[in-house]
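Here the structure comes first, spelled out in structure tokens, and everything after it is commentary.
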There are 2 protein chains.
Amino acid sequence: MDSETPRVPRPGLPDATVARLAIYLGALNALHAEGATTISSGELAEAAGVNPAQLRKDLSHLGSYGTRGVGYDVAYLRFQLDQHIGSPEHWPVIIVGVGNLGRALVNHSGFSSRGFRVTALFDADPRLVGTQVEGHSIHALEDLESVLDDPAATIGVIATPPAAAQEVADRLVGAGVGCLLSFAAVGLRLPPSVTVRRVDLGSELQILAYHRQMSLADGITALVSDPHD
Amino acid sequence: MDSETPRVPRPGLPDATVARLAIYLGALNALHAEGATTISSGELAEAAGVNPAQLRKDLSHLGSYGTRGVGYDVAYLRFQLDQHIGSPEHWPVIIVGVGNLGRALVNHSGFSSRGFRVTALFDADPRLVGTQVEGHSIHALEDLESVLDDPAATIGVIATPPAAAQEVADRLVGAGVGCLLSFAAVGLRLPPSVTVRRVDLGSELQILAYHRQMSLADGITALVSDPHD
DNA sequence: TGCTGTGAACTACTTCACAGCC
DNA sequence: GGCTGTGAAGTAGTTCACAGCA
């Protein structure tokens with residue numbers, strides 16, 4: 001039976017491309033605000049911090065929206081990216097865990113500048129429930145189902161301590177949320193239909209420390225080893 | 001002259017492996033705290049949310065620290081990962097930009113649980129300079145050089161608005177910091193000797209929205225199309 | 001027997017290099 | 001001439017599958 005199911009030829013775009021398209025869109029928004037009307041792959045690639053060939057390949061997955069010899073029309077490309085990547089205004093964001101991180105996310109400029117709107121906050125601490133943060137009232141996690149409008153289109157952000165993350169994730173998925181962003185440094189066990197991304201800030205630092213360690217060691221090696229090789 | 005320099009056979013571990021080793025280390029720390037003494041690749045892989053073969057391959061880059069037929073000794077593996085990945089206690093962390101996000105990072109549990117210590121805060125707002133957040137005093141960016149102890153081993157975290165990010169990055173690099181974690185959604189132009197990682201929270205949401213959009217569309221397609229294929 | 005360690009096969013992603021169009 | 005769009009080549013990363021050892 002599994003000889004009949006190996007073909008899932010990837011419904012859409014490569015993962016890595018989607019991640020970068022989101023960055024291009026951000027860069028285009030900034031350029032548009034500055035009044036730019038046309039941009040070449042080289043310029044946009046530089047603004048986004050990628051290789052120009054990569055950018056053109058990424059955009060070519062969507063269609064041909066550029067003009068050879070000229071470049072891309074900023075407003076038009078922006079519109080097309082919006083179309084392909086999904087319009088954020090339709091995706092309500094809820095945040096579970098109103099600690100320091102949760103509070104920081106509530107009015108994070110990167111969310112609102114992209115068009116996402118935080119619609120509800122949740123916390124396990126009964127002393128917080130009923131209070132407000134930046135105009136959003138905090139709900140108890142038990143009230144999840146009654147507060148959510150359209151669970152299937154909701155993005156759930158998990159900003160709880162790691163120990164609570166699995167339980168929170170289970171509850172969110174149970175309520176129909178299919179899309180999670182977790183800041184907890186634990187692997188979540190969830191059905192494959194759920195889309196999860198994990199941002200682990202401690203790991204980010206550790207990766208930086210490793211890379212830096214390597215380049216410092218390289219520098220020392222270079223100084224110590226014979227200069228003629 | 002570039003026919004002589006194409007071989008840089010990657011001094012150490014694959015990037016993707018380093019990223020996961022940091023996650024394994026986190027999981028091992030948790031397991032150790034729970035009193036586990038031995039663990040198999042399958043169990044640790046599940047805790048970290050990866051495939052067991054992947055985990056074994058990752059660890060095999062470091063050496064043979066497991067026992068066939070048994071698994072890995074938790075304490076010993078933890079020690080070895082620490083050795084290879086770099087001990088965080090030697091890497092002071094400074095945060096530039098003490099807005100909501102900066103404040104959240106100051107005492108983020110994921111930093112301290114991994115052994116990283118925030119040693120200084122900086123902000124451009126003169127009204128904040130001189131005040132304290134969680135026991136750390138806020139410095140002016142101009143005082144960077146005099147405040148930093150060992151710039152070459154310092155990790156700089158950029159939690160400023162996007163518009164200020166490039167300038168802050170330039171200043172940090174000018175002071176000798178070679179390791180940056182940026183939360184600003186812009187591509188930073190920096191010399192290649194500097195190690196940068198970018199965490200773009202807006203893009204993370206956008207990626208989630210895209211994937212979810214695809215699976216919802218798939219679901220609808222499945223409902224609409226003939227059930228017998 | 002059971003689990004690690006690892007070559008080999010596979011898949012995904014990136015970069016090159018150039019044809020095609022403005 | 002200049003810049004896009006894209007096959008083809010190259011590289012990195014993942015998974016398989018099994019040999020080897022406790």
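Hydrogens, waters and symmetry mates play no part in the numbers below; they use all other heavy atoms, side chains included. Lettering follows sequence order; numbering is per chain, from 1. In this text, all values refer to a predicted model and were calculated from it rather than measured experimentally.
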*Do any N or O atoms from the side chain of A:Tyr210 and from the backbone of B:Leu13 form a donor-acceptor pair under 3.5 angstrom?*
yes
Over how many whole Å does the gap from [X] atom [atom1] to [N] atom [atom2] extend?
{"X": "A:Tyr76", "N": "D:dT4", "atom1": "OH", "atom2": "C1'", "answer": "15 Å"}
{"X": "B:Leu13", "N": "D:dA12", "atom1": "CG", "atom2": "P", "answer": "14 Å"}
{"X": "B:Leu44", "N": "C:dT4", "atom1": "CG", "atom2": "C1'", "answer": "13 Å"}
{"X": "B:Leu77", "N": "C:dG5", "atom1": "CG", "atom2": "C1'", "answer": "14 Å"}
{"X": "A:Arg20", "N": "C:dT14", "atom1": "CZ", "atom2": "C1'", "answer": "8 Å"}
{"X": "B:Gln54", "N": "C:dA12", "atom1": "CD", "atom2": "C1'", "answer": "13 Å"}
{"X": "A:Asp15", "N": "D:dG13", "atom1": "CG", "atom2": "C1'", "answer": "14 Å"}
{"X": "B:Ile39", "N": "C:dG2", "atom1": "CD1", "atom2": "C1'", "answer": "16 Å"}

Less than 3.5 Å apart, any donor N or O on the side chain of A:Thr17 or A:Asp58 sitting next to an acceptor on the other?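 Looking only at side-chain atoms, A:Asp58 and A:Thr17 do form a donor-acceptor pair, the distance falling under 3.5 Å.
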Next on the checklist: Can you classify the ring geometry of B:Tyr76 versus B:Tyr65 as parallel (below 30°), tilted (30 to 60°) or perpendicular (above 60°)?
Outcome noted: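 The arrangement is perpendicular - the two ring planes meet at more than 60°.
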Phosphate OP1/OP2 of C:dT4: any B:Ser41 side-chain N/O under 4.0 Å = yes
State which of [options] makes the closest approach to the side chain of [X].
{"X": "B:Pro14", "options": "D:dT14, D:dG13, C:dC13", "value": "D:dG13"}
{"X": "A:Tyr72", "options": "D:dC21, D:dT14, D:dT4", "value": "D:dT4"}
{"X": "B:Ser40", "options": "C:dT4, D:dA17, C:dA17", "value": "C:dT4"}
{"X": "B:Arg68", "options": "C:dC3, D:dT4, D:dC18", "value": "C:dC3"}
{"X": "B:Lys57", "options": "D:dA22, C:dG7, D:dT6", "value": "C:dG7"}
{"X": "B:Arg56", "options": "D:dC18, D:dG5, C:dT15", "value": "D:dC18"}
{"X": "A:Ser64", "options": "C:dG5, D:dG5, D:dG13", "value": "D:dG5"}

Nearest heavy-atom approach of A:Val177 to A:Gly156 is CG1-N, 3.9 Å
query: Taking atom CD of B:Glu167 as the centre, does the number of heavy atoms from other residues, nucleotides or ligands within less than 6.0 Å exceed 12?
result: no
Ranking A:Gly69 and A:Ala53 by the position along DNA chain C of their nearest nucleotide, the one closer to 5' is A:Ala53
* To do: Hey, which sits more toward the 5' end of DNA chain C by its nearest nucleotide, A:Thr67 or A:Ala16?
  =>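 Closer to the 5' end of DNA chain C: A:Ala16.
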